[in-house]
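Everything below concerns the one structure shown next.
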Amino acid sequence: MVNPLDLVLPHIKALQPYSSARDEFSGSADIYLDANENALGSQGIGESWHRYPDPHAQALKGRLASIYSVEPANLFVGNGSDEAIDLLFRAFCAPGVHKALIMPPTYGMYQVSAGINNIEVVKVPLTTDFELDHQALEQTLAADPSIRLAFICSPNNPTGNLIALSEIEQVLSRFQGILVVDEAYFDFVGTDSATTLLGKYNNLVVIKTLSKAWGLAALRMGLAIGAPEVIEILNRVKPPYNLSGPSQQLALEALTSGHDKMLEAVAELNRQRLWLHQELLSISSVSTVYDSAANFLLVKFKPEVNATALYRWLTEKGVVVRDRSSQQHCDNCLRITVGTAFENQKLIEWLYQYR
Ligand SMILES: *Cc1c(COP(=O)(O)O)cnc(C)c1O
């Protein structure tokens, strides 16, 4: 088994993390004069936000641990999953020394985060069916031991397909770095999360978010789930108060009382996706609607229709989709988020009118 502590950059391993007022005293007291907060309360709003929030988000983690069937020690909670991705780069990749592996077409943030951290990116594209290219992966990983971080997105954005756990395990069986499996859309699938592999692979990190199925994108709550020693490293590098008090409170409220509602919303969005998929197939300009396990569809248009021109035309009609036509294997493709029944209907009506 890979020991992730062997992969942590030495200066991070040696880091003495910031010790906040709430770290040095975590009991309860009558009078708090330790954190230079404003004793008179919050100014300008009726509510009380004058105390620093829990730096370890313990209440929230307790709830998340039970939802994802892991221990709180397996959980890093970040200001969006973007924060978790950035911290993985900072803890495990040194510029000019280590590289990251991505499999396009995929989520753009991996490459951006690599760029911010000055880490070279190696690309092993998915096959034209958007599956892992095992032969190329095997060759690339064997030839380049400096690859420290690899990203698999499942269901993949922008293609929507799920990557089977057995496929993911094939990569884990030969990769000596940290494998990140981004399951931002996994709640739309519901079974066989990569978290079930955590006991077997210490170098696996699974990303989740409250931005999609939970409908809490504005709260900025993203998770990294992994072996306790990896999570400890991320917690050491994060800013002490990375999750605001209002975000923690609202997320806890949603997670405590909203699980059934979330499942209902997922069921409705999945029904809407099937409806949209069928309707799109009946539109003459559409060439392919790719099967999706998420709340969006990747749609390829026929050569006589230019997807970018169609994208602009839809925008003029007040309907905004995502032009993905510049991405690998996605020529002439738009990515369409599943909306409400009304919104989906409107989109289909406009597409019928386009020529
Ligand atoms: C939307 C999305 C996320 C979520 O990012 P947040 O920062 O948590 O909002 C993560 N990964 C992928 C692939 C996504 O599409």
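All ligand and atom numbering here is 1-based and tracks the order in the structure.
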Checklist line | Which segment of Ser81 sits under 4.0 Å of ligand 1 when only heavy atoms are counted | finding: both

Check: Which bit of Asn157 is near ligand 1, meaning a heavy atom under 4.0 Å away: side chain, backbone, both or neither?
Finding: side chain

Notebook entry, point to check: Can Asn117 and Asp86 be counted as having a side-chain donor-acceptor contact under 3.5 angstrom?
Noted result: yes

Next item on the list: Would you kindly confirm whether Tyr201 and Ile178 end up in one hydrophobic cluster when ILVMFWY residues are joined by side chain heavy atoms under 4.5 Å apart?
Entry: no

Checklist line | Donor-acceptor pair, side chain of Glu229 and main chain of Pro4, under 3.5 angstrom | finding: no

Margin query: Main chain of Phe301, side chain of Asn332: is a donor-acceptor contact present, judged purely on distance under 3.5 Å?
Written below: yes

Checklist line | Nearest neighbour in protein (non-hydrogen) for atom 7 (O) of ligand 1 | finding: Arg220 NH2, 2.6 Å

Notebook entry, point to check: In terms of residue, atom name and distance, what is the protein heavy atom nearest to atom 15 (O) of ligand 1?
Noted result: Tyr185 OH, 2.7 Å

Notebook entry, point to check: With a cut-off of 4.0 Å, which atoms of ligand 1 are near a heavy atom of Gly80?
Noted result: 7 (O), 8 (O)

Notebook entry, point to check: For ligand 1, which atoms sit closer than 4.0 Å to a heavy atom of Cys153?
Noted result: 13 (C)

Notebook entry, point to check: Going by the angle between their ring planes, with limits at 30° and 60°, are Phe151 and Tyr110 parallel, tilted or perpendicular?
Noted result: parallel

Checklist line | Path from Leu210 to Leu263 over hydrophobic side-chain contacts below 4.5 Å | finding: yes

Notebook entry, point to check: How far is atom 14 (C) of ligand 1 from its nearest protein heavy atom, and which residue and atom is that?
Noted result: Lys212 NZ, 3.2 Å

Next item on the list: Could you check atom 11 (N) of ligand 1 against the protein and tell me its nearest heavy-atom contact, residue, atom and distance included?
Entry: Asp182 OD2, 2.7 Å

Note to self: Counting non-hydrogen protein atoms only, what is the nearest one to atom 9 (O) of ligand 1? Give residue, atom name and distance.
What the structure shows: Ser211 OG, 2.7 Å

Margin query: Using a 4.0 Å cut-off to any heavy atom of Asp82, which atoms of ligand 1 qualify?
Written below: 7 (O)

Margin query: Out of all atoms in ligand 1, which are within 4.0 Å of some heavy atom of Ala184? Include the element for each.
Written below: 2 (C), 3 (C), 10 (C), 11 (N), 12 (C), 14 (C)

Checklist line | Part of Glu83 with heavy atoms under 4.0 Å of ligand 1, whether side chain, backbone, both or neither | finding: neither

Next item on the list: To the nearest 0.5 Å, tell me how far Leu60 CG sits from Leu243 CG.
Entry: 7.0 Å

Notebook entry, point to check: When you look at NZ of Lys13, are more than 12 heavy atoms from neighbouring residues, nucleotides or ligands closer to it than 6.0 Å?
Noted result: yes

Next item on the list: Find out whether the Lys NZ or Arg CZ of Arg335 is both under 6.0 angstrom from the six-membered ring centre of Phe296 and within 45° of the ring's axis.
Entry: yes

Notebook entry, point to check: What part of Met109 sits under 4.0 Å from ligand 1 if we count only heavy atoms: the side chain, the backbone, both or neither?
Noted result: neither

